2 protein chains.
Amino acid sequence: MDSLRERKKQATRVALQEAALRLALRKGPENVRVEEIAEAVGVSPRTYNNYFPSREHAIVAALTAARAPDIPAGVPLADGIIDAVVRFYTDPGEAMLIITTNPALRTCYADAVTGIEEPVAAAIAARGADPRTAEVLAAAVAAAARVALRRWLQPTGVPGLMMVSGTLPELIRAALAPLSPALDAVKTHPVA
Amino acid sequence: MDSLRERKKQATRVALQEAALRLALRKGPENVRVEEIAEAVGVSPRTYNNYFPSREHAIVAALTAARAPDIPAGVPLADGIIDAVVRFYTDPGEAMLIITTNPALRTCYADAVTGIEEPVAAAIAARGADPRTAEVLAAAVAAAARVALRRWLQPTGVPGLMMVSGTLPELIRAALAPLSPALDAVKTHPVA
DNA sequence: GTGAAAAATTGCGTGCACGCAAGTTTGCGT
DNA sequence: ACGCAAACTTGCGTGCACGCAATTTTTCAC
């Protein structure tokens, strides 16, 4: 399905993402109205919400766009997954900084971690785990990644300032480490 | 802090929960307006939102109220946690049924699982785990419980795929089982 | 008790999310 | 090329979440 229709949809989706990000960078996320984004793209506000369920989602989508973690084979599962997640969250640019400025954006960005669950679950299942086990472990991995993100984004007492307690890759490795035993146990429970 | 002020706050909070639940049961969750709940309690709609951040939260709070998981000591950590979560989600009543009728309520209820994270983390830390490890594992437990809930609440998936769900306790045990290796590994990493 | 500080309630205004019922565009069979 | 059905867009209306500032209630020290 590479129809005109599909291409147009994708085009406006991307246009909305980019417009949202550009406006957020210029004016600060709080000062961007949905109406502006829509107008910048030449679309009605109502249509914006047909593409994105909230004001923040377009911005987050712009930062997350088109990226998917790929888990290498041939290494211990835990290591592969940890590396993949670290790679996935290796800063795609300094645009990421605006995330820290806005609570709603932070929440939305943290929720977006859910996007890695499906690929991770697939990778785990590919190692011979029961699909339901894979789903649970993937959810656990995502939860741990969320904890890492939360630590990274943790606010100080000072309004507007963020306390960065280590680099994000370090935090992710630290957060995922406790799950290693469960991930590496996958081989021992091939109850498929 | 058992001042008049505190007691009053708690009273209106409870009143709001109960009113919300009662109205939801009588008219269906979709047909309950925030205004009604507020009015039933004799409070302004604005005040409702000072107590609960959304329309659904009061209903969910009514079902979750005052319950906290307690993790027994003296048994393997994984077993204790699994039992505690199962007990926590053992249906206190059939009021739970309304949850299934409404997507927003389902989401809100699933999000409420987060409430077990703190107690679970405390229990894990009490076994000698590093607090950060405990936090991650608790998040993983909550994520697994969420998966179980999702499976339980998923009344209908794709037509043709059979609904394999059993009782909630069974689903929770099944979902938490894959995390056991990570939980039981806690002893081996007392990096306090 | 009395008055002032702290906390809670309230009304108001704004922007957002979304169901619904038109309108408009695109895809496709003939 | 035609025309119809499906998909997409749009305007409208409603209810909700929440910042803000004014008002009322509670607390506390004297």
Side-chain angles (χ1 to χ4, degrees), chain A residues 1-17 19-21 23-24 27-61 101-109 111-112 155 159-160, chain B residues 1-17 19-21 23-24 27-62 101-109 111-112:
Chain A
M1 283 310 145
D2 197 19
S3 60
L4 173 66
R5 193 171 256 168
E6 292 298 323
R7 272 180 289 124
K8 265 186 141 178
K9 271 195 76 153
Q10 209 54 27
T12 52
R13 166 169 244 101
V14 171
L16 285 170
Q17 289 174 7
L21 180 56
L23 288 171
K27 312 173 51 176
E30 343 243 1
N31 306 318
V32 181
R33 305 274 155 262
V34 165
E35 195 180 346
E36 300 180 83
I37 306 175
E39 195 183 5
V41 175
V43 126
S44 81
R46 185 61 183 84
T47 294
Y48 173 90
N49 277 103
N50 287 342
Y51 282 86
F52 298 101
S54 90
R55 187 168 63 88
E56 289 79 17
H57 272 75
I59 301 176
V60 169
T101 69
N102 184 285
L105 268 186
R106 285 202 298 269
T107 302
C108 191
Y109 190 72
D111 286 349
Chain B
M1 284 313 140
D2 196 19
S3 61
L4 173 67
R5 190 172 260 168
E6 294 297 323
R7 272 180 289 124
K8 264 186 140 178
K9 273 195 74 154
Q10 209 52 28
T12 52
R13 164 169 247 100
V14 170
L16 285 170
Q17 290 173 6
L21 180 56
L23 287 171
K27 312 174 49 178
E30 343 242 358
N31 305 320
V32 181
R33 305 274 154 264
V34 165
E35 195 179 346
E36 300 180 84
I37 305 175
E39 194 182 6
V41 175
V43 124
S44 80
R46 185 63 184 84
T47 294
Y48 173 90
N49 279 104
N50 288 342
Y51 281 86
F52 298 101
S54 89
R55 187 168 63 88
E56 289 78 19
H57 271 74
I59 301 175
V60 169
T101 69
N102 183 285
L105 268 186
R106 284 201 298 269
T107 301
C108 192
Y109 190 72
D111 286 350

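Every chain is numbered from 1 and lettered A, B, ... according to where its sequence line falls, protein lines coming before strand lines. Because the structure is a prediction, the values reported are computed rather than measured.
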Asker: What's the CZ-C1' distance between A:R5 and D:dA5, to the nearest Å?
Answerer: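 Distance check: A:R5 CZ to D:dA5 C1' gives 10 Å.
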
Asker: Does C:dA8 have OP1 or OP2 sitting under 4.0 Å from an N or O in the side chain of B:K8?
Answerer: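 Looking at the OP1 and OP2 atoms of C:dA8, neither is under 4.0 Å from any side-chain N or O of B:K8.
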
Asker: Tell me which nucleotide among C:dA8, C:dT25, D:dT10 gets nearest to the side chain of B:K9.
Answerer: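 Minimum distance to the B:K9 side chain belongs to C:dA8.
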
Asker: How close do B:T101 and B:E30 get, counting heavy atoms only, and between which atoms?
Answerer: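 Closest pair (atom of B:T101, atom of B:E30, distance): O-OE2, 3.8 Å.
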
Asker: Let me know the distance between CZ of A:R33 and C1' of C:dG13, rounded to the nearest Å.
Answerer: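 A:R33 atom CZ is separated from C:dG13 atom C1' by 13 Å.
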
Asker: Nearest of D:dG11, D:dA17, C:dC16 to any side-chain atom of A:S44?
Answerer: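 Output: D:dG11.
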
Asker: For a quick check of understanding: with a heavy-atom distance under 4.0 Å over all strands, which category does B:P53 fall into, base, sugar-phosphate or nothing?
Answerer: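 The answer is sugar-phosphate, as B:P53 gets under 4.0 Å only of primed atoms, P, OP1 or OP2.
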
Asker: Starting at NE2 of B:H57 and ending at C1' of D:dA17, how long is that distance when rounded to a whole Å?
Answerer: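 It works out to 12 Å between those atoms.
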
Asker: Base, sugar-phosphate alone, or nothing: which one does B:Y51 contact when heavy atoms must sit under 4.0 Å apart?
Answerer: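 It contacts sugar-phosphate atoms only.
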
Asker: Please answer whether the main-chain N or O of A:S54 pairs with a side-chain N or O of A:Y48 as donor and acceptor at a distance below 3.5 Å.
Answerer: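 Yes: the side chain of A:Y48 pairs with the backbone of A:S54.
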
Asker: Please report the shortest heavy-atom distance between B:P29 and B:R55, naming the atom on each side.
Answerer: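 That would be O-NH1, 2.8 Å.
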
Asker: Which atoms form the tightest heavy-atom contact between A:E36 and A:N31, and what is the distance?
Answerer: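 What the structure gives for the nearest pair is OE2-O, 3.2 Å.
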
Asker: Rounded to the nearest angstrom, tell me the gap between atom OH in B:Y48 and atom P in C:dA8.
Answerer: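 Value for this atom pair: 19 Å.
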
Asker: Tell me: CG of A:L16 to P of C:dC16, nearest whole Å?
Answerer: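 That distance rounds to 14 Å.
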
Asker: Output the rounded distance in Å from CG (B:N49) to C1' (C:dG11).
Answerer: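 Distance, rounded to whole Å: 13 Å.
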
Asker: Indicate, with a heavy-atom threshold strictly under 4.0 Å, whether A:R46 touches base, sugar-phosphate, or nothing.
Answerer: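 Base contact.
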
Asker: Taking all non-hydrogen atoms of both residues, which atom of A:V41 and which atom of A:A15 are closest, and how far apart?
Answerer: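 Where A:V41 meets A:A15 most closely, the heavy atoms are CG2-O, 3.7 Å.
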
Asker: For B:F52, answer base if it contacts any base atom (sugar-phosphate contacts may also be present), sugar-phosphate if it contacts only those atoms, and nothing otherwise; contact means non-hydrogen atoms under 4.0 Å.
Answerer: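 If one applies the 4.0 Å heavy-atom cut-off, B:F52 turns out to touch nothing in the nucleic acid.
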
Asker: What is the distance, to the nearest angstrom, from the CD atom on A:E6 to the P atom on D:dT9?
Answerer: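 Roughly 11 Å, once rounded to whole Å.
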
Asker: Counting side-chain heavy atoms from C-beta on, which of D:dT26, D:dT10, C:dT10 comes nearest to A:V43?
Answerer: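 Selected nucleotide (nearest to the side chain): D:dT10.
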
Asker: Expressed in angstrom and rounded to an integer, what is the separation of B:E39 atom CD from D:dG15 atom P?
Answerer: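 My rounded result for the distance is 14 Å.
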
Asker: Taking only the side-chain heavy atoms of B:S54 (C-beta and beyond), determine which of C:dC16, C:dT9, D:dA17 contains the nearest atom.
Answerer: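 Nearest listed nucleotide: D:dA17.
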
